[in-house]
Number of protein chains: 4
Amino acid sequence: MNKLEHNKQLKKEALFNTAFELFMTKGINKTTISDIVQKAGVAKGTFYLYFSDKYDVRNKLVSKKAGELFTKGYKELKATQITGTEDSVIYIIDYIINELQQDKALVTFIAKNLSWGIFRAALNTPIAAEENGLNFYDSFTNLIEENGDHFDNPEIMLFTIVELVGGTCHNCILYHEPLTMDEYKPFLYDTIHGIFQQHRKGMSSQSQ
Amino acid sequence: MNKLEHNKQLKKEALFNTAFELFMTKGINKTTISDIVQKAGVAKGTFYLYFSDKYDVRNKLVSKKAGELFTKGYKELKATQITGTEDSVIYIIDYIINELQQDKALVTFIAKNLSWGIFRAALNTPIAAEENGLNFYDSFTNLIEENGDHFDNPEIMLFTIVELVGGTCHNCILYHEPLTMDEYKPFLYDTIHGIFQQHRKGMSSQSQ
Amino acid sequence: MNKLEHNKQLKKEALFNTAFELFMTKGINKTTISDIVQKAGVAKGTFYLYFSDKYDVRNKLVSKKAGELFTKGYKELKATQITGTEDSVIYIIDYIINELQQDKALVTFIAKNLSWGIFRAALNTPIAAEENGLNFYDSFTNLIEENGDHFDNPEIMLFTIVELVGGTCHNCILYHEPLTMDEYKPFLYDTIHGIFQQHRKGMSSQSQ
Amino acid sequence: MNKLEHNKQLKKEALFNTAFELFMTKGINKTTISDIVQKAGVAKGTFYLYFSDKYDVRNKLVSKKAGELFTKGYKELKATQITGTEDSVIYIIDYIINELQQDKALVTFIAKNLSWGIFRAALNTPIAAEENGLNFYDSFTNLIEENGDHFDNPEIMLFTIVELVGGTCHNCILYHEPLTMDEYKPFLYDTIHGIFQQHRKGMSSQSQ
DNA sequence: AATGAATGAGGCTTCATTCAT
DNA sequence: TATGAATGAAGCCTCATTCAT
């Protein structure tokens with residue numbers, strides 16, 4: 001029973017991981033369900049016991065992978081002495097960018113499939129078991145409070161930053177256009193500082 | 001002769017326009033070449049006389065449509081009294097956003113397929129015949145000069161703005177997440193002003 | 001289980017036989033995979049479960065059909081009193097020629113697609129289940145030994161005979177050119193006797 | 001006019017030669033009419049002014065190429081001191097085999113498409129302009145007479161030799177199966193001598 | 001729960017042939 | 001004569017999905 005339950009989980013995991021691997025190497029469009037089950041070593045029908053189709057797998061993967069990046073970045077941050085909301089956020093961003101630079105396929109995968117909706121789901125994913133179900137968004141809020149900061153619209157600020165980072169990184173990492181990621185970083189972080197400034201000043205007064 | 005050449009052009013146009021229409025309504029993945037030729041009223045083989053496959057059509061369309069948006073925005077700007085680099089740029093962005101709000105399919109189409117590479121091609125497309133081959137990037141440079149402005153890295157500034165606008169609009173227009181486009185606009189334009197400031201101050205000193 | 005496996009075999013057989021029938025009547029070039037599956041009463045995809053393309057079927061068929069001819073000829077021989085290597089070989093050849101005269105399509109099919117490589121594969125095919133896996137080439141060797149014959153290069157002799165018979169029969173049976181099969185037979189068999197003589201004398205001495 | 005006529009001939013020649021080149025390199029099945037006209041530098045419609053389809057070109061080519069081989073072999077023979085029917089025939093065969101060994105594509109092309117019918121047409125082609133329209137078959141007959149030889153059925157003898165050589169060479173040159181061409185030559189020529197013997201003795205008595 | 005043989009709709013692409021110029 | 005754009009039938013092959021075991 002336990003073993004059975006365990007076996008079930010194993011198959012699902014195998015499908016999940018194999019799908020990710022193939023999505024990374026061949027792209028989603030060119031990855032077939034046959035490819036996935038064959039590489040995972042399960043029967044075709046089994047796929048349909050766990051997923052409805054390959055886009056189902058994709059969505060779950062995007063969310064998971066984006067969440068993992070944040071989790072890792074957050075853990076790294078905690079291992080440093082860094083304080084201050086801006087520095088912390090930039091530290092995490094920098095960490096994620098460095099990770100992505102080493103995995104171009106992941107950039108495409110996330111960039112092409114990450115909507116703010118899925119993204120927010122990722123932000124709400126518990127960061128790690130040992131953190132008592134703390135998620136990234138909560139920790140972001142904590143960070144602000146700990147540092148005595150105040151932003152009128154922290155979510156909008158985050159949204160702005162995330163979209164800016166996402167779009168620019170995609171181009172710089174994949175195409176080195178208009179400049180390489182390393183060349184662009186100083187400009188990017190400067191722009192992010194500017195966005196923090198903007199939201200500290202309080203946009204709410206003029207937003208209506 | 002002339003007639004023959006003209007007829008050829010007509011067929012190509014028909015395919016081009018029909019493909020766009022179908023990409024908008026059904027999406028690229030679900031649009032087949034059969035769909036395109038049938039709706040365009042030409043034979044299947046004719047498609048292959050002008051395009052290598054549907055992705056070929058897509059790339060040409062993305063570039064063309066993005067270029068058209070800028071051209072239209074630029075023309076509208078010229079019909080106003082607006083001066084000043086920032087105001088002009090924001091006017092064009094606002095114009096484009098308004099256009100896109102009325103054509104959600106176009107948002108998806110452009111957002112999913114626009115890399116900075118294709119984008120720059122669009123920027124280099126002549127704005128309009130009557131403007132003597134002036135393209136958007138030139139006119140942007142002119143604008144800066146006319147207003148006695150100076151930016152150390154105008155292209156990087158533009159890149160930053162374009163990616164920011166692209167990513168945020170995509171979410172706001174399509175998903176109203178985390179807020180609607182109209183709600184987000186003030187924040188967006190404020191951020192853009194910030195980016196102008198940043199580049200006016202001169203980032204080049206710290207960019208190495 | 002058994003039933004499943006059996007069903008699988010049935011489908012494959014159906015495809016195999018149908019393909020042969022169509023190759024015979026329409027020729028390979030004009031036989032389409034659609035034709036085959038339709039006539040065999042299976043789905044198109046099923047074809048690809050068992051064969052990679054129609055040339056795959058062809059190769060397997062040529063080998064099989066050539067093997068069958070030899071097997072039948074050999075069995076007929078065993079039912080006679082004939083002894084002697086030459087007489088036995090000529091008996092089998094005569095039997096095969098008579099068969100082929102009644103199936104011109106088979107002549108074309110085999111003649112156009114039979115290389116010595118495929119042919120040798122056919123010769124190595126077990127003649128019949130009840131013969132304990134004896135194949136034609138073995139039985140040819142046995143025949144020689146039983147009759148106390150000796151040939152320095154039996155394989156080369158066989159090769160020469162087979163190519164001679166193949167080429168001449170093809171023309172005589174299909175085109176009656178330069179004479180009919182029946183007219184040519186005496187010449188052919190005389191030539192074959194000559195080839196036996198040649199190899200009995202021992203060519204190996206002069207072959208270098 | 002003359003020029004026009006000449007131009008016409010040029011186009012036809014271009015198509016003819018280009019087709020041959022492509023048949024050799026890509027095979028007939030994979031050579032399209034588009035390929036031919038494109039490489040020949042003429043319009044598609046022009047092809048149909050001179051040939052009915054690609055098989056029309058093929059037949060004309062096979063006959064021409066086979067004829068050329070004989071013509072060249074015959075000319076070479078004339079440049080030697082060789083006399084005697086057998087030696088002469090074997091000289092020509094040896095010459096042709098050597099030529100074919102250097103052009104494997106030509107082996108396939110001729111072997112797959114040469115029926116005795118087309119072949120005889122080739123044999124009847126005038127050997128060379130300067131020989132007063134003498135063709136190979138005539139010269140073969142002359143050869144026999146000059147040497148005071150007598151064969152009851154010279155055509156059948158030639159047929160037997162041609163088919164034997166054709167089939168065996170095909171395998172030996174292309175697949176080196178069951179041995180290489182050079183290894184097989186002594187056996188082949190010995191067999192040919194045997195065939196001459198057979199027909200010298202007079203088969204006619206037993207052929208009815 | 002797991003299998004994997006079978007399905008067949010539907011996509012892509014090629015290419016011989018025509019015909020108006 | 002020569003052209004080459006246009007045709008559209010026809011072939012190949014894939015692959016998501018089902019279902020009997």
Side-chain angles (χ1 to χ4, degrees), chain A residues 1 4-5 7-12 29-38 41-55, chain B residues 1-12 29-38 41-55, chain C residues 1-12 15 29-38 41-55, chain D residues 4-5 7-8 11-12 29-38 41-55:
Chain A
M1 264 154 270
L4 216 81
E5 202 64 21
N7 234 313
K8 242 175 82 177
Q9 201 53 37
L10 275 187
K11 302 230 171 192
K12 191 173 176 179
N29 283 332
K30 294 201 171 171
T31 298
T32 68
I33 294 189
S34 287
D35 292 337
I36 298 170
V37 294
Q38 193 181 324
V42 303
K44 232 179 219 173
T46 308
F47 179 91
Y48 293 94
L49 295 176
Y50 300 113
F51 305 100
S52 59
D53 56 30
K54 72 179 171 184
Y55 302 103
Chain B
M1 290 143 250
N2 228 338
K3 202 174 176 183
L4 214 82
E5 206 61 24
H6 184 240
N7 236 311
K8 244 175 85 173
Q9 202 53 37
L10 277 187
K11 300 245 167 185
K12 191 173 177 178
N29 283 332
K30 295 204 171 171
T31 298
T32 69
I33 293 187
S34 288
D35 292 339
I36 298 170
V37 295
Q38 194 180 325
V42 302
K44 221 180 240 177
T46 308
F47 179 90
Y48 292 95
L49 292 178
Y50 300 112
F51 306 101
S52 57
D53 56 30
K54 70 180 172 184
Y55 302 104
Chain C
M1 290 143 253
N2 229 339
K3 202 174 176 183
L4 215 81
E5 206 62 24
H6 184 240
N7 237 311
K8 243 175 87 173
Q9 202 53 37
L10 277 187
K11 301 242 168 190
K12 191 173 176 179
L15 286 167
N29 284 331
K30 294 203 172 170
T31 298
T32 70
I33 293 187
S34 288
D35 291 339
I36 298 171
V37 295
Q38 194 179 327
V42 303
K44 218 179 246 177
T46 308
F47 179 90
Y48 292 95
L49 291 178
Y50 300 111
F51 305 101
S52 57
D53 56 31
K54 69 179 172 184
Y55 302 104
Chain D
L4 215 81
E5 203 62 21
N7 235 311
K8 243 175 82 177
K11 301 229 172 192
K12 192 174 176 178
N29 283 331
K30 294 202 172 171
T31 298
T32 68
I33 294 190
S34 287
D35 291 338
I36 298 170
V37 295
Q38 193 181 325
V42 302
K44 232 178 217 173
T46 308
F47 179 90
Y48 292 93
L49 295 177
Y50 299 113
F51 305 101
S52 58
D53 57 29
K54 71 180 173 185
Y55 302 104

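Below, read A as the first sequence line, B as the second, and so on, with proteins coming before strands; counting in each chain starts at 1.
- Contact between Val42(D) and Lys11(D) at its shortest, heavy atoms only, is CG1-CD, 3.8 Å.
- If you check every strand for non-hydrogen atoms under 4.0 Å, Val42(B) touches sugar and phosphate atoms only.
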Show the numbers, then the answer: is there a side-chain contact (heavy atoms from CB on, under 4.5 Å) between Phe51(C) and Ile33(C)? CA-CA 11 Å; Phe51(C) 305 101; Ile33(C) 293 187; over 6 Å; no
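- Nucleic acid contact class of Tyr55(D) (heavy atoms, under 4.0 Å, all strands): none.
- Rounded to whole angstrom, the span from the CG atom of Leu10(B) across to the P atom of dA6(F) amounts to 10 Å.
- A straight line from NZ of Lys8(B) to P of dT21(E) spans 16 Å, rounded to a whole angstrom.
- Between Lys11(C) atom NZ and dG4(E) atom P the separation is 18 Å, expressed in whole Å.
- When rounded to the nearest whole Å, the span between CG of Asn7(B) and P of dA5(F) equals 12 Å.
- Heavy atoms only, all atoms of each residue included: Lys54(B) and Thr31(B) are closest at NZ-O, 2.9 Å.
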Identify each atom pair where a protein N or O and an N or O of nucleotides 14-20 of chain F are less than 3.5 Å apart, giving names and distance.
from: dA16(F); atom 1: OP2; to: Ile33(A); atom 2: N; distance (Å): 3.0

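- The nearest whole Å value for the distance from the CD1 atom in Ile36(C) to the P atom in dC12(F) is 8 Å.
- Taking all atoms of both residues into account, the shortest heavy-atom contact from Tyr50(B) to Thr46(B) is CD1-O, 3.4 Å.
- Side-chain proximity of Ala43(A) to dG4(E), dT7(E), dT7(F): nearest is dG4(E).
- Listed pair Tyr50(D) / dA2(F) meets the phosphate criterion, a side-chain N or O lying under 4.0 Å from OP1 or OP2.
- Summarising the geometry, the separation between CZ on Phe47(B) and P on dA5(F) is reported as 17 Å, rounded to the nearest angstrom.
- The distance from atom CD of Gln38(C) to atom P of dA10(F) is 13 Å, rounded to the nearest whole Å.
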Dot-bracket for DNA chain F, please. Rules: Watson-Crick or G-U, both distances under 3.5 Å, ( ) within the strand, [ ] when a pair crosses earlier ones, | for another strand, . otherwise. .||||||||||||||||||||
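- Counting to the nearest Å, the P atom of dG4(E) and the NE2 atom of His6(C) are 21 Å from each other.
- Distance NZ/Lys30(B) to CG/Asp35(B): 12.0 Å, rounded to 0.5 Å.
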